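What follows is a short report on a single structure.
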Amino acid sequence: NIERRTNSFIVVILTLMLLLCLFSAIASSLWSDPLIDDIWYLPTSDPLTIVNVFATYLILLSTMVPISLYVTLEIVKLVQSFHINWDLDMYDPETKTFALARTSSLNEELGQVEYIFSDKTG
């Protein structure tokens with residue numbers, strides 16, 4: 001659930017970033033067209049220049065995408081699985097074993113239990 005929500009946020013951020021890059025490239029070409037004779041040191045307004053300006057803004061605005069968010073979520077899941085492994089309340093004295101989290105997403109899966117089936121004595 002949290003990964004789906006994060007993915008949807010990333011898609012919204014990428015869409016916003018691409019729209020900003022497109023708007024900035026168009027605004028840059030509109031600004032530089034009337035001044036092309038005065039700013040001889042800048043490239044002309046051919047279609048390839050607009051692609052270059054778009055790529056420049058794409059690189060500049062790429063810091064909007066929180067790639068570190070995925071890494072942080074995975075580290076938090078790993079630390080939570082270690083806490084499950086070290087929990088003294090989950091120690092079984094008969095077998096002398098602690099709980100064993102074999103996956104880092106165990107904490108999320110435990111929260112999705114909807115039904116518990118039991119007999120009359122349970």
Side-chain angles (χ1 to χ4, degrees):
N1 187 17
I2 201 164
E3 289 178 4
R4 283 190 213 126
R5 181 180 271 176
T6 305
N7 288 339
S8 65
F9 286 148
I10 295 295
V11 167
V12 169
I13 290 172
L14 281 174
T15 305
L16 178 69
M17 184 181 73
L18 289 175
L19 288 173
L20 280 172
C21 290
L22 184 66
F23 173 76
S24 300
I26 292 170
S28 174
S29 70
L30 291 176
W31 175 80
S32 65
D33 276 344
L35 304 173
I36 201 66
D37 294 331
D38 296 335
I39 51 174
W40 52 269
Y41 49 88
L42 290 180
T44 58
S45 61
D46 59 352
L48 206 64
T49 304
I50 292 174
V51 172
N52 287 341
V53 170
F54 180 83
T56 301
Y57 281 111
L58 190 64
I59 292 170
L60 285 173
L61 297 175
S62 67
T63 57
M64 289 175 57
V65 180
I67 299 299
S68 64
L69 180 65
Y70 284 115
V71 176
T72 304
L73 283 175
E74 288 301 318
I75 290 173
V76 166
K77 288 180 194 177
L78 183 69
V79 169
Q80 286 176 344
S81 69
F82 283 137
H83 282 288
I84 289 173
N85 289 341
W86 297 331
D87 191 4
L88 294 177
D89 292 332
M90 299 181 113
Y91 178 73
D92 184 22
E94 291 178 11
T95 60
K96 296 182 182 174
T97 57
F98 286 96
L100 181 61
R102 293 189 176 131
T103 178
S104 61
S105 62
L106 180 66
N107 211 13
E108 291 177 8
E109 293 170 6
L110 288 175
Q112 296 178 3
V113 174
E114 291 183 24
Y115 302 105
I116 298 176
F117 296 105
S118 176
D119 59 0
K120 292 181 181 180
T121 61

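Because the structure is predicted, anything quoted here is derived from the model rather than measured. Starting from 1, each residue takes its place in the sequence as its number.
When side chains are defined from C-beta on, D87 does not count as touching F98, because their heavy atoms never get closer than 4.5 Å. Here the side chains of L14 and M64 are not in contact, with every heavy-atom distance at 4.5 Å or above. Residues C21 and F23 are not in side-chain contact: their nearest non-hydrogen atoms beyond the backbone lie 4.5 Å or more apart. Counting only heavy atoms from C-beta outward, the side chains of L58 and L18 approach each other to under 4.5 Å. In this structure the side chain of I84 never reaches within 4.5 angstrom of the side chain of Q80, judged on heavy atoms. By the 4.5 Å heavy-atom criterion applied to side chains, P66 and T6 are not counted as neighbours.
In the hydrophobic clustering of ILVMFWY residues, with side-chain heavy atoms under 4.5 Å counting as a link, F9 and L61 come out apart. Cluster annotation: L30 is connected to L22 through the hydrophobic network of ILVMFWY side chains, with a link wherever side-chain heavy atoms come within less than 4.5 Å.
Expressed to the nearest 0.5 Å, how far CD1 of I10 lies from OG1 of T15 amounts to 11.0 Å. Separation of atoms OG1 (T103) and CG (L78) is listed at 10.5 Å; rounding is to 0.5 Å.
With hydrogens and angles disregarded, no donor-acceptor distance shorter than 3.5 Å links the side chain of S28 to the backbone of S24. Put simply, the side chain of N85 gets close to the backbone of A101: a donor and an acceptor are under 3.5 Å apart.
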Pair H83-V79, side chain to side chain contact (heavy atoms under 4.5 Å, CB included): steps then yes or no:
CA-CA 6 Å; H83 282 288; V79 169; 3.6 Å; yes

Using the side chain to side chain contact (heavy atoms under 4.5 Å, CB included) rule, take L20 and Y57 through it: C-alpha gap first, then chi angles, then the decisive distance, then the call.
CA-CA 8 Å; L20 280 172; Y57 281 111; over 6 Å; no

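Below 30°, between 30° and 60°, or above 60°: for W86 and F82 the angle between ring planes is below 30°, a parallel geometry.
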